[in-house]
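What follows is one structure encoded as structure tokens, with my remarks underneath.
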Amino acid sequence: MSIPEYILEWDRNDSLAQKKNEFYLPPGKRYFDGNSLGAMPKLAAEQVQQTLTQEWGVDLIDSWNKHQWIDLPQKVGEKIARLIGASAGQVIAADSTSVNLFKVLAAALQLNSGRHKVLSQSDNFPTDLYMVQGLSALLGDDRCELIDVPEADIETHLNEDIAVLMLTHVNFRSGKIHDMQRLTELAQAKGIIVIWDLAHSAGAVPIALDDCHVDFAVGCGYKFLNGGPGAPSFVYVAKRHQANLQQPLTGWMGHATPFSFDKNYQPAPGIDQLLCGTPSILSMRALDAALNVFDSVEILSVREKSKRQTQLIIDSVQSVDELKELSIVSPIDAEQRASQVALAHESAFAITQCLIDQGFVVDFREPNIIRIGVTPLYLSYEDVFRFVTALTAIMREKLYLKSKYAIRQKVT
Ligand SMILES: *Cc1c(COP(=O)(O)O)cnc(C)c1O
């Protein structure tokens, strides 16, 4: 296949081109699923190996001090803080996104205790809605009630009845980006506390939590941050809320003095009170090392490359005849689109399986969406061009109709 000169030129001028070498990328695969599980940074593998053989294997329990295991949640939190526009002392790595949502939802409701409604978007990632439902079952409908509305109705629902606005910055299906600044401002003007889920934005798009005066945020370590399967999540609590916070999962690691083994809970000051139990050190180590990939990287250059790469896909779907039967679910306007392209088709599942079979790893989301995640740190323009070419051939020759592409597994 011949690659057009302009594509080769873009790759030659790409300041992120060398980043690819910092990842382990299996031969024969081009990976368009970094929005679901980021590829493995070589440093993460080396660090985990070292933690296994030396720290766990030899130094054993001494490692909590000797290798600062105990400080990893804060250390990792500060590395993430730089990527999401948070100044020091407001971000910590712990637990999963779902669990962190539970903590900040409960805390936010407590801070706004005259109200009890949590406003969210009906097509939010389900776990976000489930966590509100679970809290509601625990506290009762009169202390926590989920109001979920279509995206278009969010603004008109921002009124003095709402306690908390909980939104995901980037929609997991469409990749559409919310205007964080505007929505936070509108909500806070009505006395609403704002929680942002950054699962699909941290490490992919610029975020300015402090500048947007956000109250709380959570996000994933294993998507664009490349921290590995089930990597710890992170949680942000604005400084101004930390003194009066009531975090409901009052585990000993969030205690002011865990090793005094006091029988009464006393929260640690600052962001440390967001911890619950013992951190999973192997995962923390992987995430800690994975974040070093971002050391010399400006999120703005990641964003610029990502916009160009997703545009290449969008432009092709709009202009190539064989691709016209795919409908574009993501925003056409690059400014509103994060680092993925969602295409709808009635045979979406089979098309994703056929692409994977050809070495282009994408994923399928119910009911009919092909999700193409773009990670500029390890995908070149040539990779994207080859993806579009493969998709064109698959659609032209209807290769996805083979029966083997209809078989579904447990995880899609
Ligand atoms: C991926 C994702 C999650 C995942 O939550 P876990 O508890 O880490 O499994 C949560 N929310 C959103 C919006 C996501 O995209």
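One-based numbering, in listed order, for ligands and for the atoms of each.
Residues His169 and Asp197 bring no donor and acceptor atom of their side chains to less than 3.5 Å of each other. If you check the side chains of Ser120 and Asp148, you find no donor sitting under 3.5 Å from an acceptor. Side-chain polar atoms of Asp153 and Gln121 form no donor-acceptor pair below 3.5 angstrom. Looking only at atom types and distance, the side chain of His116 has no donor-acceptor partner in the side chain of Asp142 under 3.5 Å away.
Ile61 CD1: 12 or fewer foreign heavy atoms inside a 6.0 Å radius. Around CD of Glu346, the count of heavy atoms belonging to other residues, nucleotides or ligands within 6.0 Å does not exceed 12.
Between Thr127 and ligand 1, a contact under 3.5 Å exists for no N or O pair. Residue Thr168 has no N or O atom closer than 3.5 Å to an N or O atom of ligand 1.
With a 4.0 Å heavy-atom cut-off, ligand 1 is reached by no atom of Ser233. The backbone and the side chain of Ser98 each have at least one atom closer than 4.0 Å to an atom of ligand 1 (non-hydrogen atoms only). Proximity of Val99 to ligand 1, defined as any heavy-atom pair under 4.0 Å, is not found for any part of the residue.
In summary, the atoms of ligand 1 found under 4.0 Å from a heavy atom of His200, numbered by their order in the structure, are 15 (O). For ligand 1 and Ala199, the ligand atoms under 4.0 Å from any heavy atom of the residue are 2 (C), 12 (C), 13 (C), 14 (C), 15 (O). Proximity to Asp197 (heavy-atom distance under 4.0 Å) selects the following atoms of ligand 1: 10 (C), 11 (N), 12 (C), 13 (C).
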Let me see the working for Phe387 and Phe385 under ring-ring contact (aromatic ring centres under 6.0 Å, His included), right down to the final yes or no. CA-CA 5 Å; Phe387 167 81; Phe385 181 82; over 10 Å; no

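With ring centers used as reference points, Tyr236 lies 6.0 Å or more from Phe234.
The protein atom (non-hydrogen) at minimum distance from atom 5 (O) of ligand 1 is Thr97 CB, 3.5 Å. The single protein non-hydrogen atom nearest to atom 15 (O) of ligand 1 is Lys223 NZ, 2.6 Å, given as residue, atom name and distance.
Of the listed options Phe125, Phe102, Tyr222, Tyr222 places a heavy atom closest to atom 6 (P) of ligand 1.
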